[in-house]
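Everything numeric here is computed off the predicted structure, so don't read it as measured data.
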Amino acid sequence: MYGQTEHCIDSKMALTRLACILVLLSTHCYFNVLAVILKTTNDAPWANEFESIELSCLIESISTNDPRIEWKKIKDGEPSYVYFEKKISGDLEGRARIREPATLVITNATRSDSASYRCEVTAPIDQKTFDEILINLVIRVKPVVPKCAVPKSVPVGKAAELRCVEDEGFPKSQYQWFRNKEEIPDDPKTSPKFFNSSYMLNAETGTLKFSAVRKDDSGEYFCRAKNDAGHSECGPQTMEVYNINIAGIILGVLVVVVVLLCITVGICCAYKRGYFISQKQTGNNYKAPAKGDGVDYVRTEDEGDFRHKSSFVI
């Protein structure tokens, strides 16, 4: 009797355990089948400009046979449709397609495609009817040829500034300067060839500033703009550093002073000799001829010439 009772208890415990296992299994299957769940293999993909890129949106669990799939592009906080009602729209029209079940493939990517993309799946039959994933896409752009400005000649001891600018690359370009095809280090003290130079190199802005140039700073300079997508360079430009000729400057000043002095003396002499006195004479001024030999000359109203007025006076 005692043994039969113990056997019954063990059987009841076994049945209870089996029931619990079945409940757990059914609950697990219930949520797996009735919940739409998405995942992605890469939530921060990148590609170079004009290449293809995939934004993976994988449906891990779903029971609805024909779910609604949508893609939205979010740029500057504003969402816009990329895939809606089974059609590609917006600026990706003609450059993108959907690879089943929900992956977005962009061909010939451009810099304007850099943005956040949201994959949304709606499954009406599932208990959890909606899920979404966010993917941040970066399209890298190779720098174009930078604009470089190098002074042609600078006197020894004077300051000089070399500039390099490039605005097309993405991510933002970093800059390198070269002299005679050798890279200029960020710190001149790290290289024997540039140890005595007094410059500051800014890789962010592309400026190379000399506080006081030396003869050794003469040479051909060019700049390279680079980022993760590649690099571009401007053509070499020559900067000449020359010595200031003090004696020549003094001699030139003396010559100028002598020339100015000669001009001043010449003008003064001309004034004294009356070359600059103007003598004005108009057609209305008339000076009557002097009388001679007691003869008066008068002009008649009808004649424009002179005639005798009286005879000789004795």
Side-chain angles (χ1 to χ4, degrees), residues 31-147 165-175 204 206 224-233:
F31 282 109
N32 275 347
V33 171
L34 299 183
V36 56
I37 299 175
L38 304 180
K39 70 174 184 178
T40 180
T41 58
N42 188 357
D43 61 359
W46 59 266
N48 293 332
E49 193 172 28
F50 310 124
E51 293 180 349
S52 298
I53 184 67
E54 291 186 358
L55 309 185
S56 69
C57 181
L58 307 177
I59 301 176
E60 191 174 38
S61 172
I62 196 169
S63 61
T64 302
N65 292 327
D66 189 20
R68 188 179 68 188
I69 300 172
E70 295 178 358
W71 276 92
K72 292 177 182 177
K73 177 180 179 180
I74 305 169
K75 194 160 189 175
D76 299 327
E78 294 294 329
S80 60
Y81 278 109
V82 170
Y83 182 72
F84 180 69
E85 294 185 346
K86 299 183 179 182
K87 292 182 180 179
I88 299 293
S89 60
D91 55 3
L92 287 181
E93 186 175 358
R95 296 191 299 113
R97 59 184 175 85
I98 292 294
R99 193 184 69 190
E100 295 294 340
T103 293
L104 179 66
V105 181
I106 300 175
T107 59
N108 193 26
T110 67
R111 64 193 69 188
S112 63
D113 296 333
S114 293
S116 296
Y117 292 80
R118 188 167 64 220
C119 176
E120 301 176 356
V121 175
T122 303
I125 298 178
D126 292 58
Q127 184 179 19
K128 179 177 177 287
T129 60
F130 178 81
D131 198 12
E132 65 180 20
I133 54 174
L134 190 66
I135 298 175
N136 297 310
L137 173 63
V138 173
I139 302 300
R140 305 186 308 190
V141 181
K142 179 183 175 181
V144 298
V145 176
K147 297 178 181 179
V165 178
E166 190 281 323
D167 296 326
E168 297 294 325
F170 186 84
K172 191 177 184 300
S173 293
Q174 298 287 305
Y175 299 95
E204 300 288 335
R224 174 182 295 168
K226 65 176 184 176
N227 63 12
D228 294 335
H231 69 270
S232 294
E233 302 171 353

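- To the nearest 0.5 Å, atoms OG1 (T107) and CD1 (I53) are separated by 12.0 Å.
- A donor-acceptor pair under 3.5 Å links the side-chain atoms of S232 to the main chain of P143, judged by distance alone.
- Of all heavy-atom pairs spanning A96 and I88, the tightest one is O-CG1, 3.5 Å.
- At least one donor-acceptor pair closer than 3.5 Å links the side chain of S61 to the backbone N or O of A35.
- Using modelled atom types, no side-chain atom of K226 and backbone atom of D228 make a donor-acceptor pair closer than 3.5 Å.
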Test side chain to side chain contact (heavy atoms under 4.5 Å, CB included) applied to E49 and D113, step by step
CA-CA 9 Å; E49 193 172 28; D113 296 333; over 6 Å; no

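- Rounded to the nearest 0.5 Å, atoms CD (E132) and OG1 (T122) are 9.5 Å apart.
- Within the 4.5 Å cutoff, no side-chain heavy atoms of C57 are placed close to those of L104.
- Between T103 and S56, the side chains place no donor N or O within less than 3.5 Å of an acceptor N or O (distance only, hydrogens not considered).
- Counting heavy atoms from C-beta on, the side chains of I135 and C119 never come closer than 4.5 Å.
- A 4.5 Å side-chain heavy-atom check between K172 and N227 finds every atom pair outside the cut-off.
- With respect to L38, the side-chain contact (heavy atoms from CB on, under 4.5 Å) criterion is satisfied by exactly one of I62, L58, V121: V121.
- In this structure, S112 and T110 approach most closely via the heavy-atom pair OG-OG1, 2.9 Å.
- Taking 4.5 Å as the limit, some side-chain heavy atom of Y175 sits within range of a side-chain heavy atom of E166.
- Side-chain atoms of S116 and N136 form a donor-acceptor pair, as typed in the model, at a separation below 3.5 Å.
- Contact between N42 and A44 at its shortest, heavy atoms only, is OD1-N, 3.0 Å.
- The CZ atom of R224 lies 4.0 Å from the CD atom of E233; values are rounded to the nearest 0.5 Å.
- Contact annotation: the side chain of L55 approaches that of W71 to within less than 4.5 Å [non-hydrogen atoms, C-beta and beyond].
- In this structure, I69 and I98 have side chains that are not in contact, with every pair of non-hydrogen atoms separated by 4.5 Å or more.
- The shortest heavy-atom contact between K39 and I133 is O-CD1, 3.7 Å.
- With hydrogens and angles disregarded, a donor-acceptor distance shorter than 3.5 Å links the side chain of R95 to the backbone of N108.
- For the pair I106/I139, no side-chain contact is recorded, criterion being any heavy-atom separation below 4.5 Å from C-beta on.
- Between the CZ atom in R118 and the CD1 atom in I74 there is a gap of 4.0 Å [rounded to 0.5 Å].
- Summarising the geometry, atom CG belonging to D91 is positioned 8.0 Å from atom NZ belonging to K75; distances are rounded to the nearest 0.5 Å.
- Residues A229 and V141 come closest through the heavy atom pair CB-C, 3.6 Å.
- Within a 6.0 Å sphere centred on CG of N48, heavy atoms belonging to other residues, nucleotides or ligands number more than 12.
- Y83 contributes atom OH, which lies 13.5 Å from atom CD of E93 (distance to the nearest 0.5 angstrom).
- In this structure F84 satisfies the ring-ring contact (aromatic ring centres under 6.0 Å, His included) test together with Y81, sequence neighbours excluded.
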